[in-house]
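Bear in mind that the values here come from a model prediction, so they are computed numbers and not experimental data.
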Amino acid sequence: MNIYSDKRLQMKTQLHHGAASVVTGLVLTLILLSPALSAVWDQSSHAAGGTKRPKIGLVLSGGGARGAAHVGVLKVLEEYRVPIDFIVGASMGALVGASYATGTSVEEMEKIIAGISTELLFKEKPPRQELSMRQKQDDYDIFFGPEIGINDGKIGLPKGMVSGVQLETVLRRLSKAKGFHRFDELPIPYRAVATDLVTGKAVIFSEGELANVMRASMSVPGAVAPVEIGGTLMVDGMLTSNLPVETALANGADIIIAVNVGTPLLKREELSSILGVTGQMLSILTEQNVQNSLALLKPDDILISPELGDFSTGDFDNLPDISPLGEAAARKVAERLAQLSIPAEEYAALRNHQRVASVPDLRPVDEIRFENLTRVNAATAQAVMETQPGQAIDQDVLDRDMRRLYGAGNFEHVNYRFIEEPGRRILAVDAVEKSWGPDYLRMGLGMVSDFEGDAFFNILASHRKT
């Protein structure tokens, strides 16, 4: 037994030495062939849509209506089969970026912006047939200016010229992802930039309800009321990071395509009014952070700056004319874009994955819930809505309900969301009561003249208590 055991041990030792020689030979062979194998791996990985190609981040700046040029840029990027792995935007760039990141095609965006106008975005008063009798009577009076709030003897004013209720209706059409989402899970990972109105710091959204996030990112101070999300008061992202290159770098972008549609500074002769001076102040703040962002671009990055001429941030009636200017600017860097192009089959597979068919969730709700109301009776608020529990959801009707609720005059902002509870679907209406209430004062002034020396003046005041 001992002799057998010794022979077995000797055979094992010889086998181990042989295996070691084979392994050593394989290692040396792999070392010698590693450059060729690496090239083969890179090619196969690229063909399979792997991670070996550079991660391309698209950065879209704010610029109001000038941001329609982003759509033209996207059109050229698709033509040259440039893969977009990540999108970050501020203000109007956040709007276009969210639309594209959630699967809206360029063709669909072109159709939507063709129907957008200043009136569509900012006229929040409901049609006359949907107003209360008191409000209809007010239309015949000589009231002017904003409604002034009175609270414990103190005077208050609205936070913006418009609340954003009508604006959110358009934003919901642009985004195909409804409800709360983590933005890394969208067809194209996405970030939006807003500004904390209290601290003055940039806020980077990585999750949320997209219509709310887009509106927060483009709430121009004074024009559109701020948005409160998670206890933070948000305004336009242009104030802190209008071209958020830093955010794209922080999320791993190897190559950045930055599109800057910001408004250039006015010339001296154009600073002839208070509006010009105020606009210049905002442009100076924006331009400073844009220059800081441009300094972060590397030689391999691509900057596209459309020449938008006299189109201003408020030219929402001319969006179809602005979009082609972005296309023209992108074609000027066509050679550099072509270097980022991927094979047609690979790009088609990528875009098929990134496009999402819009399937609206029309399931009935079991309950309509108004939250955090202290002065307005929830039953009275729900009574003005056409949407009812047990009925299929109609998006147009629901949007009209929101405008009607806002038009009742008791809320500074109205929005909604769907909540899934065990065995129940809830329509939660986030109706924010006016912070400058509960009493309201309106003033009116009228003048009549016979153009022969006699003139008559009428002064009117209305004090409404709720």
Side-chain angles (χ1 to χ4, degrees), residues 116-139 143 145-149 151 156-174 209 211-216 218-220 222-229 233-235 316 365 368-388 393-418 427-442 462 464-466:
I116 290 178
S117 64
T118 303
E119 182 178 13
L120 178 65
L121 291 176
F122 303 114
K123 184 179 179 181
E124 297 181 325
K125 189 175 182 179
R128 183 173 173 80
Q129 64 268 23
E130 297 177 0
L131 296 176
S132 66
M133 288 303 298
R134 177 187 56 78
Q135 291 173 301
K136 290 179 180 179
Q137 181 60 45
D138 286 349
D139 284 346
F143 292 117
E147 181 183 64
I148 300 172
N151 189 350
L157 291 171
K159 298 184 181 76
M161 296 293 291
V162 297
S163 73
V165 172
Q166 178 63 22
L167 176 62
E168 286 176 355
T169 299
V170 177
L171 297 182
R172 282 190 284 268
R173 290 171 54 200
L174 283 166
E209 203 278 323
N212 275 353
V213 169
M214 287 189 282
R215 188 196 146 214
M218 62 179 301
S219 292
V220 180
V224 182
V227 180
E228 185 171 346
I229 300 178
L233 211 57
M234 312 277 190
V235 292
F316 288 99
V365 295
I368 298 177
R369 182 182 299 167
F370 284 81
E371 301 180 337
N372 304 319
L373 295 184
T374 59
R375 300 194 302 268
V376 179
N377 189 321
T380 303
Q382 184 175 339
V384 306
M385 297 179 60
E386 293 182 38
T387 303
Q388 296 297 322
I393 294 296
D394 186 313
Q395 186 66 60
D396 292 336
V397 171
L398 187 52
D399 286 334
R400 191 163 60 243
D401 286 339
M402 296 302 105
R403 292 194 296 272
R404 191 182 299 113
L405 280 168
Y406 174 75
N410 298 310
F411 305 110
E412 64 177 78
H413 184 255
V414 180
N415 199 2
Y416 66 88
R417 54 196 166 90
F418 293 99
L427 170 61
V429 180
D430 298 317
V432 181
E433 293 170 318
K434 288 181 176 178
S435 58
W436 60 93
D439 299 341
Y440 307 97
L441 179 66
R442 293 192 68 186
S462 168
R464 180 166 67 95
K465 298 175 68 68
T466 64

Atom of [X], atom of [Y] and distance for their closest heavy-atom approach:
X	Y	value
Leu171	Ala211	CD1-O, 3.6 Å
Ala381	Leu405	O-CD2, 3.3 Å
Arg375	Gly437	NH2-CA, 4.4 Å
Ala216	Ile229	CB-CD1, 4.2 Å

request  = Check the pair Ile148 / Trp436 against side-chain contact (heavy atoms from CB on, under 4.5 Å), numbers first and verdict last.
outcome  = CA-CA 8 Å; Ile148 300 172; Trp436 60 93; over 6 Å; no
Who passes salt bridge (charged side-chain N to carboxylate O under 4.0 Å, His left out) against [X], sequence neighbours left out?
X	result
Asp396	none
Glu433	none
Arg172	Asp399
Asp394	none

Student check: side-chain heavy atoms of [X] and [Y] closer than 4.5 Å:
X	Y	value
Phe370	Leu427	no
Phe316	Ser117	no
Val432	Tyr406	no
Ile393	Val365	yes
Asn415	Asn212	yes

task = Could you tell me whether a side-chain N or O of Gln388 sits under 3.5 Å from a main-chain N or O of Met385, the two making a donor and an acceptor?
result = yes
Among all residues two or more places apart in sequence or in another chain, which pass the side-chain contact (heavy atoms from CB on, under 4.5 Å) test with [X]?
X	value
Glu371	Arg369, Arg417, Ile419, Ala428, Asp430
Asp139	Lys125, Arg128, Leu131
Arg464	Arg134, Glu147, Asn410, Lys434, Tyr440, Thr466
Glu386	Val397, Arg400, Asp401, Arg404

inquiry  = Restricting to ring pair (Phe, Tyr, Trp, His ring centres under 6.0 Å), what partner residues turn up for Phe418, sequence neighbours left out?
reply    =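 For Phe418 the ring pair (Phe, Tyr, Trp, His ring centres under 6.0 Å) partners, ignoring immediate neighbours, are Tyr416.
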Counting only pairs under 3.5 Å, give me each side-chain donor-acceptor contact of residues 156-169, with atom names and distances, residues two or more places apart or in other chains.
from: Lys159; atom 1: NZ; to: Glu412; atom 2: OE1; distance (Å): 3.4
from: Lys159; atom 1: NZ; to: Glu412; atom 2: OE2; distance (Å): 3.0
from: Lys159; atom 1: NZ; to: Ser435; atom 2: OG; distance (Å): 2.8
from: Ser163; atom 1: OG; to: Glu124; atom 2: OE1; distance (Å): 3.1
from: Ser163; atom 1: OG; to: Glu124; atom 2: OE2; distance (Å): 3.0
from: Ser163; atom 1: OG; to: Val165; atom 2: N; distance (Å): 3.3
from: Gln166; atom 1: NE2; to: Leu120; atom 2: O; distance (Å): 2.8
from: Glu168; atom 1: OE1; to: His413; atom 2: NE2; distance (Å): 3.3
from: Glu168; atom 1: OE2; to: Arg215; atom 2: NH1; distance (Å): 3.2
from: Glu168; atom 1: OE2; to: His413; atom 2: NE2; distance (Å): 3.0
from: Thr169; atom 1: OG1; to: Val165; atom 2: O; distance (Å): 3.4

key: Asp439 side chain to Asn151 side chain, donor-acceptor N/O pair below 3.5 angstrom   = no
Gap separating the CD atom of Gln382 from the CD1 atom of Ile368, nearest 0.5 angstrom =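 Nearest 0.5 Å value for the CD-CD1 distance: 4.5 Å.
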query = Considering residues at least two apart in sequence or located in another chain, which fulfil the side-chain hydrogen bond (donor to acceptor under 3.5 Å, both in side chains) criterion with Gln137?
reply =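 Result, side-chain hydrogen bond (donor to acceptor under 3.5 Å, both in side chains) vs Gln137: none returned.
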